[in-house]
Amino acid sequence: KHDSPVSCAKKAKTVKAQQILLAELEAHPAAWPFLSPVNQKSVPGYRKVIKKPMDFSTIREKLTNNQYLSLESFIMDVNLVFDNCEKFNEDHSEIGQAGHSMRRYFDKRWTELLK
Ligand SMILES: Cn1cc(C(=O)NCCCNC(=O)c2ccc(F)cc2)ccc1=O
């Protein structure tokens, strides 16, 4: 129940890093396809093809509710957004290109921030 001061400080550091990373993803010009859940009523085939939908607003909700027990689980959800995008969209479509661009940006930023 009570963390040692060291592990408590370490946890605060990763939460801070997650907040910084998510804010940067949300502010990115190519973030628009990922800011809210894909509307499964208006996007034919999405519900059948994508088994685990994920988007930045859902990640924001989970972060706010302290649902990420580790940095890894946060990174897995962000990568799920980009993996879903690659599965559903052609690489050279507008949304496909946005997904590649956002994944490159995320990979660069989280290694810079936590390396
Ligand atoms: C990730 N993905 C997204 C869509 C999709 O159609 N998503 C809706 C985009 C419409 N949303 C906007 O245009 C927008 C949103 C926020 C904002 F601030 C400005 C514009 C379809 C397939 C898929 O795989």
Side-chain angles (χ1 to χ4, degrees):
K1 288 220 180 22
H2 300 291
D3 274 342
S4 72
V6 170
S7 52
C8 178
K10 191 171 174 298
K11 197 177 292 182
K13 181 171 180 283
T14 53
V15 167
K16 188 93 189 81
Q18 289 164 10
Q19 285 165 342
I20 292 168
L21 283 166
L22 183 55
E24 290 177 349
L25 292 173
E26 291 166 332
H28 194 287
W32 56 271
F34 315 108
L35 291 174
S36 47
V38 175
N39 184 331
Q40 305 199 16
K41 292 189 196 67
S42 61
V43 181
Y46 200 83
R47 185 190 309 278
K48 179 79 174 132
V49 171
I50 300 300
K51 302 306 178 196
K52 289 172 67 182
M54 187 50 64
D55 71 285
F56 295 162
S57 73
T58 304
I59 294 173
R60 169 63 65 192
E61 188 71 21
K62 288 176 74 172
L63 193 57
T64 305
N65 302 339
N66 293 312
Q67 283 176 259
Y68 291 114
L69 303 180
S70 68
L71 176 63
E72 288 76 15
S73 57
F74 169 79
I75 290 173
M76 279 167 61
D77 266 0
V78 176
N79 284 327
L80 179 57
V81 174
F82 303 142
D83 293 344
N84 288 345
C85 184
E86 276 208 53
K87 182 171 187 180
F88 194 78
N89 301 278
E90 295 291 332
D91 284 338
H92 299 288
S93 66
E94 193 181 359
I95 291 177
Q97 284 296 306
H100 291 306
S101 167
M102 291 299 300
R103 186 201 291 276
R104 279 193 300 269
Y105 179 71
F106 178 67
D107 287 348
K108 181 170 145 308
R109 286 300 294 139
W110 86 259
T111 41
E112 280 166 2
L113 209 57
L114 287 144
K115 193 180 63 190

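When a ligand or atom number is given, it counts from 1 through the structure's own listing order. For reference, positions follow the sequence shown, starting with 1. Computation of the quantities below employed the complete heavy-atom set of this structure, encompassing side-chain atoms and omitting hydrogens, waters and symmetry-equivalent molecules.
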Residue Lys52 excluded, over 12 heavy atoms near NZ under 6.0 Å
no
Heavy atoms of Asp91 and Gln97 approach each other most closely as O-NE2, 2.7 Å
Below 4.5 Å, heavy atoms only, C-beta onward: do Arg103 and Asp83 meet side chain to side chain?
yes
Could you tell me how the ring of Phe34 sits relative to the ring of Phe82: parallel (under 30°), tilted (30 to 60°) or perpendicular (over 60°)?
perpendicular
Picking from Ile95, Asn89, Val81, Val38, what satisfies side-chain contact (heavy atoms from CB on, under 4.5 Å) with Pro33?
Ile95
Nearest non-hydrogen protein atom, atom 17 (C) of ligand 1:
Leu35 CD1, 4.0 Å
With heavy atoms of Val38 as the reference, note each atom of ligand 1 found under 4.0 Å away.
1 (C), 2 (N), 3 (C), 23 (C)
Heavy atom of protein closer than 4.0 angstrom to atom 4 (C) of ligand 1
yes
Min over Ser57, Pro33, Ala98, Gly45 of heavy-atom distance to atom 1 (C) of ligand 1 lands on Pro33
Just heavy atoms, cut-off under 4.0 Å: does Asp55 contact ligand 1 by side chain, backbone, both, or neither?
neither
Grab the two heavy atoms, one from Asp55 and one from Leu35, that are nearest each other, plus how far apart they are.
OD2-O, 3.4 Å
Do the side-chain N and O atoms of Tyr68 and Asp77 include a donor-acceptor pair separated by under 3.5 angstrom?
yes
Structural part of Asn89 in contact with ligand 1, heavy atom criterion under 4.0 angstrom
side chain
Going by the order shown, which atoms of ligand 1 are within less than 4.0 Å of some heavy atom of Tyr46?
24 (O)
of all protein heavy atoms, closest to atom 13 (O) of ligand 1 is Trp32 CE3, 3.8 Å
Considering the heavy atoms of Phe34, write down every atom of ligand 1 situated less than 4.0 Å from one of them.
1 (C)
Hey, is atom 10 (C) of ligand 1 touched by any protein heavy atom at less than 4.0 Å?
no
Identity and distance of the protein heavy atom lying nearest atom 6 (O) of ligand 1:
Ile95 CD1, 4.0 Å
Any heavy-atom pair between the side chains of Gln67 and Ser73 that's under 4.5 Å?
no
